[in-house]
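Written out below as structure tokens is the structure these notes cover.
Both ligands and their constituent atoms are indexed starting at 1 by order of listing.
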Amino acid sequence: MNKKTRVAVFVSGSGTNLQAIIDANIPNVEIVVVVSNNPNAYAIERAKRHNIPVEVIDHRNYSSREEFEREIIKKLEPYRVDLIVLAGFMRILSPFFVRAYKNRIMNIHPALLPAFPGVNAVRQALSYGVKYTGCTVHFVDEGVDTGPIILQSVVPVYDDDTEEKLLERIHKEEHRIYPEAIRLFAEGKLHIEGRRVFIRD
Ligand code: GAR
């Protein structure tokens, strides 16, 4: 039997992506821990409901980003994690952390990168007036939302869209492509060449 891919999901908020990944029941993938920097994140309840261990590491208790990240690395050690999945984790990871898990960290962003990186991506897209936006799953590199792109999905913007309505349709796509990207990783089908990610059988 193939070895299971051991996944850590990092969250800060509501955790609908975490829920989608849990519900997808991806073969040969085990969510071994959920890490939250926010002790009040609803995602923690979701993890507990599914008996997934939770580590709360509140960034406000650390005097520097590096100290915070050293603590995460220490807490992760016993879980022997193969892949870190950022699912609405609202802290930027420094090059120090990214190097420790090189090509083993994924993020989901609610826009078609490289458009609208950073915070409030949906608001940025609406106010820019684009006709199409969407979501992107990418490997994390040392920049902010700049890593090699794994999957994207396009979502049209309608005239009567509000940020809420548009976000709801983007979320639907996120919940579809994030489990898919994790499945591809677990099956060893993702190959990174420079900035490009190829999906191979
Ligand atoms: C998601 O829409 C994700 O794309 C976004 O946070 C939301 C988390 O929702 N991430 C970013 O904006 C990262 N820059 P969730 O907690 O319900 O999964």
Side-chain angles (χ1 to χ4, degrees), residues 7-26 29 31 33-50 52 54-59 65 68-69 72 83-95 97-98 101 105-128 130 132-157 161-182:
V7 173
V9 182
F10 284 24
V11 298
S12 301
S14 111
T16 63
N17 278 283
L18 167 67
Q19 190 68 55
I21 295 162
I22 294 171
D23 293 345
N25 234 322
I26 310 164
V29 166
I31 303 171
V33 63
V34 166
V35 173
S36 179
N37 67 304
N38 171 9
N40 301 314
Y42 183 66
I44 294 172
E45 305 309 317
R46 298 182 193 269
K48 285 186 176 161
R49 226 183 284 149
H50 293 272
I52 301 168
V54 176
E55 298 285 353
V56 176
I57 307 164
D58 188 338
H59 59 281
R65 197 179 292 275
F68 167 62
E69 292 177 353
I72 301 178
L83 174 69
I84 293 175
V85 166
L86 308 182
F89 184 67
M90 301 314 262
R91 306 299 301 166
I92 289 167
L93 293 169
S94 75
F97 189 93
V98 173
Y101 283 89
I105 310 173
M106 278 184 193
N107 181 42
I108 191 148
H109 183 75
L112 293 175
L113 291 171
F116 313 123
V119 291
N120 299 322
V122 180
R123 193 178 312 161
Q124 288 185 59
L126 260 185
S127 56
Y128 195 92
V130 292
Y132 294 92
T133 183
C135 50
T136 303
V137 179
H138 63 94
F139 282 112
V140 173
D141 68 5
E142 296 181 12
V144 176
D145 299 328
T146 54
I149 290 170
I150 303 166
L151 293 175
Q152 291 187 301
S153 181
V154 176
V155 174
V157 180
D161 262 340
T162 58
E163 201 177 323
E164 250 167 33
K165 284 200 223 171
L166 181 54
L167 179 63
E168 198 183 311
R169 296 203 309 286
I170 292 173
H171 263 162
K172 233 171 141 189
E173 288 308 296
E174 291 189 347
H175 300 163
R176 188 175 65 77
I177 69 172
Y178 218 178
E180 174 69 4
I182 296 165

When you measure from the side chain of [X] to the backbone N and O of [Y], does any donor-acceptor pair fall under 3.5 Å?
| X | Y | value |
| --- | --- | --- |
| Arg65 | Arg91 | no |
| Arg169 | Val157 | no |
| Glu69 | Ser94 | yes |

Tell me the protein heavy atom at minimum distance from [atom], and give that distance in Å.
| atom | result |
| --- | --- |
| atom 14 (N) of ligand 1 | His109 ND1, 3.4 Å |
| atom 5 (C) of ligand 1 | Pro110 CD, 3.8 Å |
| atom 16 (O) of ligand 1 | Gly15 N, 2.7 Å |
| atom 4 (O) of ligand 1 | Glu174 OE2, 2.6 Å |

key: Atoms of ligand 1 close to Gly88 [distance to a heavy atom under 4.0 angstrom, numbered from 1]   = 6 (O), 8 (C)
inquiry  = Only heavy atoms of His171, strictly under 4.0 Å: list the atoms of ligand 1 that pass.
reply    = 1 (C), 2 (O), 9 (O)
task = Check the pair Arg176 / Glu173 against salt bridge (Lys or Arg N to Asp or Glu O under 4.0 Å), numbers first and verdict last.
result = CA-CA 5 Å; Arg176 188 175 65 77; Glu173 288 308 296; 2.7 Å; yes
Are [X] and ligand 1 in contact, using a heavy-atom cut-off of under 4.0 Å?
| X | answer |
| --- | --- |
| Met90 | yes |
| Ile108 | yes |
| Ala121 | no |

ask   = For Glu45, does the CD atom sit with more than 12 other heavy atoms under 6.0 Å from it, leaving out its own atoms?
value = yes
note = Heavy-atom proximity to atom 15 (P) of ligand 1, picking from Asp145, Val119, Thr16, points to Thr16
request  = Let me know which of Thr16, Asp23, Asn17 forms a side chain to side chain donor-acceptor pair (under 3.5 Å) with Gln19.
outcome  = Asp23
task = Using only heavy-atom distances, determine whether the side chains of Ser12 and Asn37 contain a donor-acceptor pair under 3.5 Å.
result = yes
task = Just say parallel, tilted or perpendicular for the rings of Phe89 and Phe68, cut-offs at 30° and 60°.
result = parallel
request  = Please say whether Asn17 places an N or O atom under 3.5 Å from an N or O atom belonging to ligand 1.
outcome  = yes
query = ligand 1 and Leu18, any nitrogen or oxygen pair closer than 3.5 angstrom?
reply = no
